[in-house]
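Only one structure is covered here, and it is reproduced in the block below.
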Protein chains: 2
Amino acid sequence: MKPDKLSPLYKKVTDDLRAQIEKGMYRKGELLPSENDLCKTYNTTRVTVRQALSGLTNLGYITRRHGKGSIVTEPKAGLGILSLSGVTAGVGSQNLSTSILQKQMKQDWPLDFFFPLNEGELKHDCIYFTRLRRINDIPVLYEETYLSNINLPGFISRELENLSLFKILRESYNIEVKEGEQKIWAILGDKNISELLNIKKSHPILHMKRKLKTNIQDLNIYSSLYCNTEEHFLQDYF
Amino acid sequence: MKPDKLSPLYKKVTDDLRAQIEKGMYRKGELLPSENDLCKTYNTTRVTVRQALSGLTNLGYITRRHGKGSIVTEPKAGLGILSLSGVTAGVGSQNLSTSILQKQMKQDWPLDFFFPLNEGELKHDCIYFTRLRRINDIPVLYEETYLSNINLPGFISRELENLSLFKILRESYNIEVKEGEQKIWAILGDKNISELLNIKKSHPILHMKRKLKTNIQDLNIYSSLYCNTEEHFLQDYF
DNA sequence: AAAAACAACTTGTATATACAAGATGAAGCC
DNA sequence: GGCTTCATCTTGTATATACAAGTTGTTTTT
């Protein structure tokens, strides 16, 4: 099968399988079609199919077993990025709500920004918004996000309420988050944060600053997070 | 070039290049030899060389640029696992010291262990030890580690003082850490932890529990960490 | 019935080759 | 000098093929 002009064939296989897994066509623990089956489906060869499966492995959608097959697994929380989990049985998405406190707005980069910015980033202004995540209506995580305003037409007016930022970037702007770094502290909340999270001032808070790089030059996503970990915790898989 | 019996050729290339990077033969920002050069060196083909370079990319030792080459980068702190960093200019290894509080000992798994254990793990006993890491002689991170006692001859009597656990496992036992999960809380230290880290009881502490899987069935590494993030923070790259 | 051998599947490793496409510096042109 | 073109380096994508080795269920042997 010939790849279309825009994207290579192995990526189409990756995207197809990922979409199918996310749609629930393969459940956790099930096997994907064998490499040879996929070769027939996409009319290609094992090297290409294996390149796609290798990508899915890195993303955490599958684990592979010699002689057995590709086993569908719980996808990683996106590249080792810490995500919110419940202490008990996990936070069902029905219990988790997100509200925008500050809708996306264009502004200059703050002068005292918490990560060093390069020239390319400083040439553009930044998009800023804040969100508050609640579990069972109790505020748990407050998040301030900044990203370079590069090639993001219409982003300002999008609804971020209950959609993943990463999913929007991937599906609407063809932007993939590649890698990043995060720094974590345990702090005592100041008045502002404590009020937002509705906790006493002496209560410990988990504070995190992170930078996520994308496949677009100078387009990075920065966020500063504050999490009340009394009832829940941050978790990641890698 | 034929691979030797034990390990495949692509792995030898990976290990060679990794060792050379770690020895400083290639500095950050420099280019590795081109794929075709490596083909000649190891008398193999690009598919195999690319498999090796892809591994180094995943480990964070290099980033690849189309048309340019393989650029040596700061290695990730191992698979997105949080590691200790300084707020100022980074913690030089000369300032970081590790002391063993409880030397490696065999014992049964604790009954109230903080991760669920499978049957295979419960068949073996576990190796337990604790370490305290200091930066400029100030205690910063206390760590309790548990791992299954499987195929680890002589591990009990090894010196862990200033060597990386992962490096010992890789070089002496051919064990690679593959993936894992970690959970993070901000807490107030109890009497015990506060004394170990030499801080006031009301001071927030970063608490982390993590599980690291290896390429050996049923051999997982568990640890429980407590970190004073007043002067330093935990950081990871992914 | 239990054990061994086998067949048929799976993924893992490897060779050989081809062309596309990004990066870079040199040669030639205006 | 400043510009384009070109050659040559690099990595990216892809085909076709082969055998090794792990997994599983069936068949044969004992």
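Proteins get letters first, then strands, A, B, ... in listed order; numbering begins at 1 in each.
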Problem - Whole-Å distance separating the CD1 atom of B:I71 from the P atom of D:dT10 - result: 14 Å
Problem - Sidechain N-carboxylate O distance under 4.0 Å for B:E179, B:K213 - result: yes
Handout entry: Stepwise ring pair (Phe, Tyr, Trp, His ring centres under 6.0 Å) test for A:Y146 and A:F115
Key = CA-CA 11 Å; A:Y146 303 78; A:F115 269 97; over 10 Å; no
Exercise for the section: Report the residues that fulfil ring-ring contact (aromatic ring centres under 6.0 Å, His included) with A:H124, sequence neighbours left out, ordered by chain and then residue number. Expected result: none
Exercise for the section: Kindly say if A:T45 contacts the phosphate of D:dT17, meaning a side-chain N or O under 4.0 Å from OP1 or OP2. Expected result: no
Handout entry: Salt-bridge criterion met for B:R18 and B:E176 (N-O under 4.0 Å)
Key = yes
Handout entry: Test item: A:T214 side-chain N/O and A:L219 main-chain N/O as donor-acceptor pair under 3.5 Å
Key = yes
Fill in the blank from the handout: Under a 4.0 Å heavy-atom criterion, the protein footprint on nucleotides 7-12 of chain C, written with B, S and -, is ---BBB
Exercise for the section: In whole angstrom, give the distance that lies between atom OH of B:Y42 and atom C1' of C:dT15. Expected result: 18 Å
Practice task
I would like to know whether B:W109 and B:S148 meet side chain to side chain contact (heavy atoms under 4.5 Å, CB included); could you show each step before the answer?
Solution key: CA-CA 9 Å; B:W109 290 96; B:S148 308; 3.5 Å; yes
Handout entry: Nearest-angstrom distance from the residue atom NZ of A:K12 to C1' of D:dA14
Key = 16 Å
